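Quick notes on the structure that follows.
Note that the coordinates shown come from a computational prediction; the quantities given were computed from them, not determined experimentally.
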Amino acid sequence: MSCKCKNFDDIFCCKDELTLFFYESRVVEDAKNRVEKLGFVCAMEAEMLRIRLKDAEKDVSNICKNCGWSEMEQEGITALLKKSDEPLSFSDMKGVKPLSQLGAISESAEITDIIKNKAFTSYFQPIVDIASGEIYGYEALLRGVKNDGSILQPQQILDTARRGDMLFYLDRAARETALKTAAVKRIDKKVFINFLPTAIY
């Protein structure tokens with residue numbers, strides 16, 4: 001069965017091996033002991049530790065929470081998720097991330113799912129012309145929609161997106177949502193949409 005992965009939302013899709021890279025070979029043995037205590041099968045290679053995974057998202061979360069590494073230590077451990085039957089290649093290096101980043105994504109599943117599924121809506125705050133008292137336009141305000149239909153405030157979404165290196169995807173989804181919702185609501189005034197300056201590039 002072929003993999004249907006696409007974009008960031010499938011970081012964990014079809015992956016069954018986590019490779020951790022360390023700056024010193026002497027710390028790999030300690031890392032191996034910590035990970036094996038959690039029941040994982042590992043293999044050491046120089047400054048690398050390969051870990052077999054059953055459920056990539058849950059297993060990464062387990063490793064990040066229970067190996068005893070601080071967030072700062074996890075930032076210093078680089079990690080790569082891949083299929084175990086594929087050899088490590090130079091092109092895989094674009095997928096290397098700090099372990100802390102993979103942990104942030106795996107630990108925020110509900111918010112990550114909102115970003116993955118573009119489960120957003122936009123509210124429109126009127127911008128009033130003080131001189132005339134008339135509505136000049138609207139500022140689009142992003143809100144996440146949980147599975148139960150309740151609304152999630154943007155700060156939680158932004159914090160998760162920032163920690164998990166998903167700001168680009170969030171920003172794009174926010175712009176698309178604002179435009180689509182404005183069309184559905186038949187807004188006939190100017191619409192002001194917030195976006196990240198880096199999105200221009």
Side-chain angles (χ1 to χ4, degrees), residues 1-119 144 146-147 156-173:
M1 182 171 173
S2 63
C3 179
K4 295 183 174 146
C5 297
K6 61 185 185 305
N7 299 328
F8 93 93
D9 49 313
D10 298 297
I11 280 176
F12 300 104
C13 178
C14 303
K15 308 297 190 315
D16 64 354
E17 183 176 273
L18 174 67
T19 302
L20 302 180
F21 301 90
F22 299 88
Y23 293 110
E24 294 183 35
S25 55
R26 64 185 176 85
V27 298
V28 181
E29 182 73 41
D30 175 63
K32 182 175 185 282
N33 292 335
R34 292 180 188 222
V35 173
E36 285 181 338
K37 281 182 184 174
L38 300 177
F40 292 97
V41 175
C42 306
M44 290 185 344
E45 294 178 29
E47 284 87 29
M48 296 188 305
L49 180 64
R50 294 178 187 262
I51 306 164
R52 291 303 302 260
L53 307 174
K54 291 180 181 169
D55 180 324
E57 191 166 1
K58 288 179 182 173
D59 291 346
V60 167
S61 178
N62 183 11
I63 289 166
C64 289
K65 285 180 184 175
N66 299 310
C67 276
W69 291 310
S70 69
E71 190 168 336
M72 185 178 287
E73 287 173 313
Q74 289 183 39
E75 285 174 17
I77 300 170
T78 50
L80 173 67
L81 280 166
K82 60 183 280 303
K83 293 181 183 181
S84 59
D85 59 354
E86 294 178 355
L88 189 62
S89 69
F90 185 74
S91 64
D92 288 326
M93 293 304 109
K94 66 183 179 200
V96 172
K97 301 180 182 316
L99 180 60
S100 60
Q101 197 174 94
L102 288 179
I105 296 168
S106 67
E107 291 168 24
S108 307
E110 181 180 47
I111 296 172
T112 304
D113 284 344
I114 288 172
I115 298 171
K116 277 187 203 180
N117 301 319
K118 298 182 181 180
K146 295 183 182 180
N147 288 335
Q156 290 175 275
I157 300 169
L158 282 167
D159 288 346
T160 298
R162 189 175 293 111
R163 288 176 60 215
D165 193 29
M166 297 181 282
L167 284 173
F168 170 80
Y169 303 99
L170 174 62
D171 188 72
R172 182 174 61 193

| message | To check you understand the geometry: which heavy-atom pair defines the closest contact between L18 and L81, and what is its length? | response | CD1-CD2, 4.0 Å
| query | Is there side-chain contact between L38 and C67, with at least one heavy-atom pair below 4.5 Å? | reply | yes
| task | Would you indicate whether N147, at its atom CG, is surrounded by more than 12 heavy atoms from other residues, nucleotides or ligands within a distance under 6.0 Å? | result | no
| Residues that E45 engages under side-chain hydrogen bond (donor to acceptor under 3.5 Å, both in side chains), provided they are two or more places apart | R50
| task | Applying salt bridge (Lys or Arg N to Asp or Glu O under 4.0 Å) between R52 and each of D59, D16, D85, report the one that passes. | result | D16
| request: Using the test side chain to side chain contact (heavy atoms under 4.5 Å, CB included), find all partners of N117 that sit at least two apart in sequence or belong to another chain. | output: D113
| query | CD1/I63 to CG/L99 distance, rounded to the nearest 0.5 angstrom? | reply | 7.5 Å
| Where is the tightest heavy-atom contact between W69 and R34, given as atom of each residue plus distance? | CD1-NH1, 3.3 Å
| message | Filter on salt bridge (Lys or Arg N to Asp or Glu O under 4.0 Å), then keep only pairs touching residues 61-79, sequence neighbours left out; what's left? | response | none
| note | When every non-hydrogen atom of G103 is compared with those of V60, the smallest separation belongs to N-CG1, 4.1 Å
| request: Kindly compute the distance separating CD1 (I51) from CD (E17), expressed to the nearest 0.5 Å. | output: 9.0 Å
| note | Heavy atoms of G144 and I114 approach each other most closely as CA-CG2, 4.1 Å
| What's the shortest heavy-atom distance between Y23 and G76, and which atoms? | CE1-O, 3.3 Å
| query | About how many Å separate CD of E36 and SG of C42, when rounded to the nearest 0.5 Å? | reply | 4.5 Å
| In Å, rounded to the nearest 0.5 Å, how long is the span from CZ of F12 to CG of L102? | 5.5 Å
| said: Just so I know, are the side chains of L88 and K82 near enough to count as touching, which here means a heavy-atom distance under 4.5 Å? | reply: yes
| Distance-minimising heavy-atom pair for A46 and V28 | O-CG2, 3.6 Å
| query | Any donor-acceptor pair under 3.5 Å linking the side chain of D159 with the backbone of Q156? | reply | no
| query | So with a 6.0 Å cut-off around CE of M93, is the heavy-atom count from everything else above 12? | reply | yes
| Tell me, do F40 and N62 make a side-chain contact under 4.5 Å, heavy atoms counted? | yes
| Between CD1 on residue I115 and CG on residue D171, distance to nearest 0.5 Å | 11.5 Å
| note | dist L20:CG -> M48:CE (nearest 0.5 Å) comes out at 10.5 Å
